[in-house]
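As the structure is a computational prediction, the values presented were derived from the model and not from experiment. Sequence lines set the chain letters: A, B, ... in the order given, protein chains first and strands last, and positions in each chain run from 1.
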Amino acid sequence: MQLEWYHGKTRLLYGDGFFIFYLGGMKLDIKTMVVQALEQTLKDHLTGIEITVERPKNPTFGDYAIPCFSWAKSLKKSPQDIAQNLATVIKHSLFSKVTAVGPYINVFLDKTYVSKKITNQIISSKEKFGSNSDGQKSNVTIDLSAPNIAKPFSMGHLRSTVIGNAIANLAEKNGYTPIRINHLGDWGTQFGKLIVAYLKWGNEERVKEQPISKLLSLYIKFHDEVENHPELADEGRRFFKMLEDGDPQARHLWNWFREESLKEFFRIYNLLGVSFDHIQGEAFYNDKMDEVIEILNSKGLLELSDGALVVTLDEYDSPPCLIQKSDGATIYATRDLATALFRKRNYDFARSLYVVGSEQSLHFKQVKLTLQKAGFEWERDMVHIPFGMMLQDGKKMSTRKGRVVLLEEVLNEATDLAHQIISEKNPNLENKEEVAKQIGIGAVIFQDLKNFRTNDIDFSFEQMLNFDGETGPYLQYTHARCHSLLRKAGCFIPKTGYSIREEEAWHTISHLTRFYEVVKQAWEDYDPSKIARYALDLARYFNSYYAKVRILDSEDQDARLCLVYSVAIVIEECLRILGIQSPKSM
RNA sequence: GCGCCUAUAGCUCAGGGGAUAGAGCGUUGGUCUCCGGAACCAAGCGCCCAGGUUCGAAUCCUGGUAGGCGCGCCA
C-alpha cells in the first residue's frame, strides 16, 4: 500500500508499495493513524481501489469523510448503498462513530483518546512537535535578502528576507540543514555609475555623515543627468570594467561604499532577528568567472553575437543567456552560474533555493538551462522561489526615482505604536521597550507572510499598523493570554496528556492534530503563509473556547490548562518558524 | 508581438475535484458581575466571461477579457 500526502487529502492506493507510519523516529501522527485504521478495516472490501479521505468543511459531517462516488461504476451499486454498507464495516478504537450520510461515510474520532494522544505528544516533544526527519540533515542552501550596496534597505527587501528566513526554518523543521546565504548586490554596472556620480558631484565629508542617503542622492542624480547626457551611461560601464580589472581608486571607493552599507543593513537584520551563515556577495565571485567561461567554451556552447558571448537556448524555446558583454565585462548571469557551481562544490546541496522576486523568473530559467546544457544534472535541485512586488499606490517602488519606503522607518513606527498600546493596556509591564519591539516588528513580518508569496502587496501603513484580527499581535496576544492562565495556576506545567471530552474544545484539539501535515505541506510548497494561516485558525478556535468555558477554578482545571499549555507551545512554534517572537506577557 | 503570473464579499485574502464557498478589515448590532476586550458572538455582502473534461468544477483543460511582470549587453 502506498500513502501520499496530497493537499490535505489522503489517497490510499491499494496494491504494492510501502507504508510509512512512523515519524520523527517514533511518534504516530493522528491522520496517519486514521488512514491506517481505514486501510485495515476496508482492505477486504475494496481491493485494488483508490480511497480518498478528506476533512469535511462542515463539522457535523465528522472529522474525516470518504466520498463513495467513484466506486459506483465498478461495484455496480449506488454511492449511497456503498456508503451504507461500508459504514457498518469500519470499526476501530480510534473512531467513536461511523455514519453514512448520503454518498459519504462520515468518521468521528474518539475525543477521549485523541485529545489525550495529541496533548501527550505536544507535552513530550515541546517545540519539536510537528517536526519530521525527511531531510536527513542534508544541506539546503537558501539565497535570501540580497540587498544592493549603497541603496537603502527598503520594504521591497523585507519580502525576500522574511520569506527566505521562514523557508529556512521550515527546512530545518523538516529535517534539512538550512544554509542561509546573503548574496549581496555588491557588484555590477551600478557601481560604475555610482563611482562616476561620486567623482563628479560627491563630497567625502557629506557622504561620511549620511552614507546611504547621500549615495542614494548621487545615484538618483546620475539617472536624472543621463536623460540629457547619454554618454554618462558609457562612462558608468567603463568604470565598472575598471573596477573589475582592479583599478585602485575604483576599488577603494567600492570598498568604502560597501562597508558603510553593511553597517546599516546589520542594524536592520538585528531588528528583524535574521542571521546568515554566509555573506558572499557577487564581488566574491569576481575571480570565479573565467572558469565559467572556460567550461562553457570547452563544451562548445559559447557563440559570438553582436560582439557579446552568449549561450543560445533556442532548443528550449528561450532567449539566449548572455555570458559576457561586448566590452569584455561579465554580467549577472555569469555570476549566478559561478555562484551555482560554487554552492554545489562547497555545500553539496540537496536543494538550492533562490528567494528572489518573480520579475527574475526568466533569468533563473536561463541560468538553469545553461547549466543543463553544460551537463550539470544537479541544476534540477535549484529552485527559484518567486514572490510578488511591494507596490506603493499600485505602482512599483523605484530606487532610481526615489520612490521607496524605508523598512527601518516602518519598523520604528510599528514599535512606537506597540509601545503606545502597551502603555494604555498594560502600563505595569516590566520590559515595555523590548516587548514593543517584538510586537511592532512581529506585526510587520506577519503582514508580509500571511498571504501567499506571489501576490503583490500594495504597501499601506494602515494595514501594517493594524494589530487587530488576522495579525501577528493577535497571535502574540493569544499566546500571552495562555501564559497568563498558566501563571495564575501557579506556573502550571502538565506532566501528562489529558482526555478532554467537552464539545467546546474539539475544534482546537482537532486542529492541533493537523500541525504535522501543515509543516510538511508548507515546506513542499515553500509557503510560510500555510503556517501563518494555521496559527490564525488555532488562535481563533482557542479564543472561542476561552470565551465559552471557564478554565481557572473549574472542575476540569488541569485538563483545560493542559490544552492551554498545548496551544501556547504550538502558537509559539508557528511564530518562531515565521521569525516572530512570542512574549509571555504584553 | 511572444512568455510567465494574477482575477472569489465594499477592501485584503483563504479555499488546487466533492456535501450549505470561508476568514480578517470596514459597516451595523450585541457580549461588558469580563480567568488579559490586541478578545468573543451575530447581521450583511461573493467565485471575470464563454466553451470543454467529470457522476461532481471556484478548483482541471481550451479560448476570450482585464491587470501586473518579463523578453542580451541593469540585477
For [X] and [N], what is the distance between atoms [atom1] and [atom2] respectively, to the nearest whole Å?
X: Asn451(A); N: A7(B); atom1: CG; atom2: C1'; result: 15 Å
X: Phe364(A); N: C71(B); atom1: CZ; atom2: C1'; result: 16 Å
X: Leu449(A); N: U12(B); atom1: CG; atom2: P; result: 20 Å
X: Phe69(A); N: A57(B); atom1: CZ; atom2: P; result: 11 Å
X: Asp327(A); N: C74(B); atom1: CG; atom2: C1'; result: 13 Å
X: Gln360(A); N: G68(B); atom1: CD; atom2: P; result: 20 Å

When rounded to the nearest Å, what value does the distance between [atom1] atoms of [N] and [M] take?
N: G15(B); M: G64(B); atom1: P; result: 28 Å
N: C49(B); M: G56(B); atom1: C1'; result: 22 Å
N: C13(B); M: C69(B); atom1: P; result: 16 Å
N: C47(B); M: A23(B); atom1: C1'; result: 16 Å
N: U6(B); M: C61(B); atom1: P; result: 11 Å
N: G24(B); M: U65(B); atom1: P; result: 38 Å
N: A7(B); M: A50(B); atom1: C1'; result: 16 Å
N: C41(B); M: G68(B); atom1: C1'; result: 40 Å

Quick one: do Trp187(A) and Tyr332(A) satisfy ring pair (Phe, Tyr, Trp, His ring centres under 6.0 Å)? Show the steps, please.
CA-CA 9 Å; Trp187(A) 208 242; Tyr332(A) 57 100; over 10 Å; no
Can you check whether [X] has a side-chain N or O nearer than 4.0 Å to OP1 or OP2 of [N]?
X: Lys73(A); N: C55(B); value: yes
X: Asn455(A); N: G68(B); value: no
X: Ser544(A); N: C41(B); value: yes
X: Lys396(A); N: G70(B); value: yes

Can you check whether Phe61(A) stacks with the A19(B) base, using ring centres under 5.5 Å and planes within 30°?
yes
Any chance you could encode RNA chain B as dot-bracket? Rule is Watson-Crick or G-U wobble with both distances under 3.5 Å; [ ] for pairs crossing earlier ones, | for another strand.
(((((((..((((....[...)))).(((((.......)))))....(((((..]....))))))))))))....
Just checking Gln476(A): base, sugar-phosphate only, or nothing, at a heavy-atom cut-off of under 4.0 Å?
nothing
So Phe153(A) and His157(A), would you call those rings parallel, tilted or perpendicular, with 30° and 60° as cut-offs?
tilted
Between [X] and [Y], what is the shortest heavy-atom contact and its length?
X: Met289(A); Y: Arg335(A); answer: CE-CG, 2.6 Å
X: Gly164(A); Y: Leu144(A); answer: C-CD1, 3.5 Å
X: Pro147(A); Y: Asn182(A); answer: CD-OD1, 3.4 Å
X: Ala418(A); Y: Ala436(A); answer: CB-O, 3.4 Å

Go through His511(A) and Tyr534(A) one step at a time and tell me if the ring pair (Phe, Tyr, Trp, His ring centres under 6.0 Å) criterion holds.
CA-CA 8 Å; His511(A) 200 63; Tyr534(A) 171 86; 4.2 Å; yes
When Leu296(A) is tested against each of Thr334(A), Leu337(A), Leu371(A) for side chain to side chain contact (heavy atoms under 4.5 Å, CB included), which residue passes?
Leu337(A)
Residues pairing under ring-ring contact (aromatic ring centres under 6.0 Å, His included) where one sits in residues 433-460 of chain A, two or more places apart or in two chains, turn out to be Phe459(A)-Phe461(A)
Do any of residues 435-447 of chain A sit with a heavy atom less than 4.0 Å from RNA chain B, and if so which?
Ile439(A)
Does any non-hydrogen side-chain atom of Tyr64(A) lie less than 4.5 Å from one of Val35(A)?
no
Quick check on the 6.0 Å ring-centre criterion: do Phe257(A) and Phe191(A) meet it?
no
With the side chain of [X] defined as its heavy atoms from C-beta on, choose the nearest nucleotide among [options].
X: Tyr332(A); options: A75(B), U12(B), C69(B); answer: A75(B)
X: Lys57(A); options: A19(B), G70(B), A39(B); answer: A19(B)
X: Leu322(A); options: A19(B), G72(B), G15(B); answer: G72(B)

If each of Ser305(A) and Ile331(A) is mapped to the nucleotide of RNA chain B with the nearest heavy atom, which maps nearer the 5' terminus, i.e. the 5' end?
Ser305(A)
Between Cys321(A) and Arg335(A), who's closer to the 5' end of RNA chain B by nearest nucleotide?
Cys321(A)
Table of protein N/O atoms under 3.5 Å from nucleotides 32-35 of chain B N/O atoms:
{"residue": "C35(B)", "atom": "O4'", "partner": "Arg550(A)", "partner atom": "NH1", "Å": "3.4"}
{"residue": "C35(B)", "atom": "O4'", "partner": "Arg550(A)", "partner atom": "NH2", "Å": "3.4"}
{"residue": "C35(B)", "atom": "O3'", "partner": "Lys488(A)", "partner atom": "NZ", "Å": "2.8"}
{"residue": "C35(B)", "atom": "O2", "partner": "Ile551(A)", "partner atom": "N", "Å": "3.4"}
{"residue": "C35(B)", "atom": "O2", "partner": "Leu552(A)", "partner atom": "N", "Å": "2.8"}
{"residue": "C35(B)", "atom": "N3", "partner": "Ile551(A)", "partner atom": "N", "Å": "3.1"}
{"residue": "C35(B)", "atom": "N4", "partner": "Tyr546(A)", "partner atom": "O", "Å": "2.6"}
{"residue": "C35(B)", "atom": "N4", "partner": "Val549(A)", "partner atom": "O", "Å": "2.7"}

When you measure from the side chain of Lys373(A) to the backbone of Thr312(A), do you find a donor-acceptor pair of N or O atoms at a distance under 3.5 Å?
yes
Please tabulate, one pair per line, each protein N/O and nucleotide N/O from nucleotides 23-27 of chain B that are separated by under 3.5 Å, including the distance.
{"residue": "A23(B)", "atom": "O2'", "partner": "Glu470(A)", "partner atom": "OE2", "Å": "2.6"}
{"residue": "G24(B)", "atom": "O4'", "partner": "Glu470(A)", "partner atom": "OE2", "Å": "3.4"}
{"residue": "G24(B)", "atom": "O2'", "partner": "Glu470(A)", "partner atom": "N", "Å": "3.2"}

Qualifying salt bridge (charged side-chain N to carboxylate O under 4.0 Å, His left out) pairs, either residue in residues 463-477 of chain A, two or more places apart:
Glu470(A)-Arg533(A)
